[in-house]
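Here is the structure we will look at.
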Amino acid sequence: MKTDGAISGIPAEPYPFPFEPTACALLVIDMQRDFLEPGGFGAALGNDVALLRRTIGPNVRLLAAWRRAGLAVFHTREGHAPDLSDLPPAKLMRARGALRIGDRGPMGRILVRGERGHEIIPELYPLPGEPVIDKPGKGAFWATGLREQLLARGIRQLVVTGVTTEVCVHTTVREANDRGFDCLVPADATGSYFPEFHAAALQMISAQSGIFGWVTDSGQILAALALP
Ligand code: TIU
């Protein structure tokens, strides 16, 4: 990984990330059964969930380090009210495979709050006190109040992990960037059903001098957190 010795921070593309731990939240995007386990929304769209499961280990390690350091952790879940009143017809009509949002599958109704498939996977289950942002869209800032919650805690930087790289992670990073947050994305803690989209999405973040943010690996962030 290329680093610029003149700038201190976490080694990243396109240059080191100026990490300020107490102003930096870990934002774990949509690590839900519906995306990572068989029988959920991802699988219903025809995807192989195994492609996302390699992100679990890096997220477990990052989350543990973040908690140990006493830093801010936010989780998100994509999903809808049981009456689907927050589901735009356009989203319902386009995301259709074997099952549609709201249909009953092996883990309950697809992408509906309160159902088993909507839950965050047990490996990454939120601790009491860690905010869980329920979002009806792909981005974590739309219709959620996330920006206000981050600002209230003095957060200016985000380490954004989770799934999928080119959909909810990317949309969130773009939204955060426009709202003035610096985003660092660890490549191994994000994943896609389409490896080529994963690679391209990460390149899009760091290209053009970091047009949307920085890209690194979880190991670099763990090393930074281990420093005294
Ligand atoms: N969380 C998230 O990325 N939602 C998606 O629908 N992703 C897909 O890749 N389909």
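Quantities reported herein were computed from a predicted structural model and do not represent experimental measurements. This chain uses plain numbering: 1 for the first residue, then up along the sequence. Order of listing sets the numbers, starting from 1, for every ligand and every atom in it.
- For the pair Tyr193 and ligand 1, the shortest N or O to N or O distance does not fall below 3.5 Å.
- Following chains of ILVMFWY side-chain contacts shorter than 4.5 Å, one cannot reach Val49 starting from Leu51, and the two form parts of different hydrophobic clusters.
- Protein heavy atom closest to atom 10 (N) of ligand 1, with residue, atom name and distance, is Leu45 CD1, 4.0 Å.
- Within the 4.0 Å heavy-atom criterion, the part of Val163 lying near ligand 1 is the backbone and not the side chain.
- With sequence neighbours excluded, the residues forming a ring pair (Phe, Tyr, Trp, His ring centres under 6.0 Å) with Phe194 are Phe197, listed by chain and number.
- Interface atoms of ligand 1 facing Lys138, defined by a heavy-atom separation under 4.0 Å, are 4 (N), 5 (C), 6 (O).
- Numbered from 1 in the order shown, with element, the atoms of ligand 1 that lie under 4.0 Å from a heavy atom of Phe41 read 6 (O).
- At a 3.5 angstrom cut-off on N or O pairs, Cys168 counts as close to ligand 1.
- In this structure, the side chain of Tyr193 engages the main chain of Phe35 through a donor-acceptor pair within 3.5 Å.
- Checking only distances, Thr164 does come within under 3.5 Å of ligand 1, N or O to N or O.
- For ligand 1, the polar-atom distance check finds no N/O of Lys135 at less than 3.5 Å from any of the ligand's N/O atoms.
- Environment of CD in Gln208: sparse, with no more than 12 heavy atoms of neighbouring residues, nucleotides or ligands closer than 6.0 Å.
- Taking the six-membered ring where the residue is Trp, Phe19 and Trp66 present tilted rings, their angle falling between 30° and 60°.
- Looking at ligand 1, you won't find any N or O of Asn47 less than 3.5 Å from one of its N or O atoms.
- Looking only at atom types and distance, the side chain of Thr165 has a donor-acceptor partner in the side chain of His198 under 3.5 Å away.
- For ligand 1, the atoms sitting less than 4.0 Å from at least one non-hydrogen atom of Asp30 are 1 (N), 2 (C), numbered in the order shown with element in parentheses.
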Please tabulate, for the side chains in residues 141-159, all donor-acceptor contacts under 3.5 angstrom to protein atoms that are two or more places apart in sequence or on a different chain.
residue: Thr144; atom: OG1; partner: Ala140; partner atom: O; Å: 2.6
residue: Thr144; atom: OG1; partner: Leu146; partner atom: N; Å: 3.1
residue: Arg156; atom: NH2; partner: Glu20; partner atom: OE1; Å: 2.3
residue: Gln157; atom: OE1; partner: Glu20; partner atom: N; Å: 2.9
residue: Gln157; atom: NE2; partner: Pro18; partner atom: O; Å: 2.6

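- Looking only at protein heavy atoms, the nearest one to atom 4 (N) of ligand 1 is Glu78 OE1, 2.8 Å.
- Looking at Arg33 and Glu115, no side-chain N of the basic residue comes within less than 4.0 Å of a carboxylate O on the acidic one, giving no salt bridge.
- At the shortest separation from atom 5 (C) of ligand 1 among protein heavy atoms lies Phe35 CE2, 3.5 Å.
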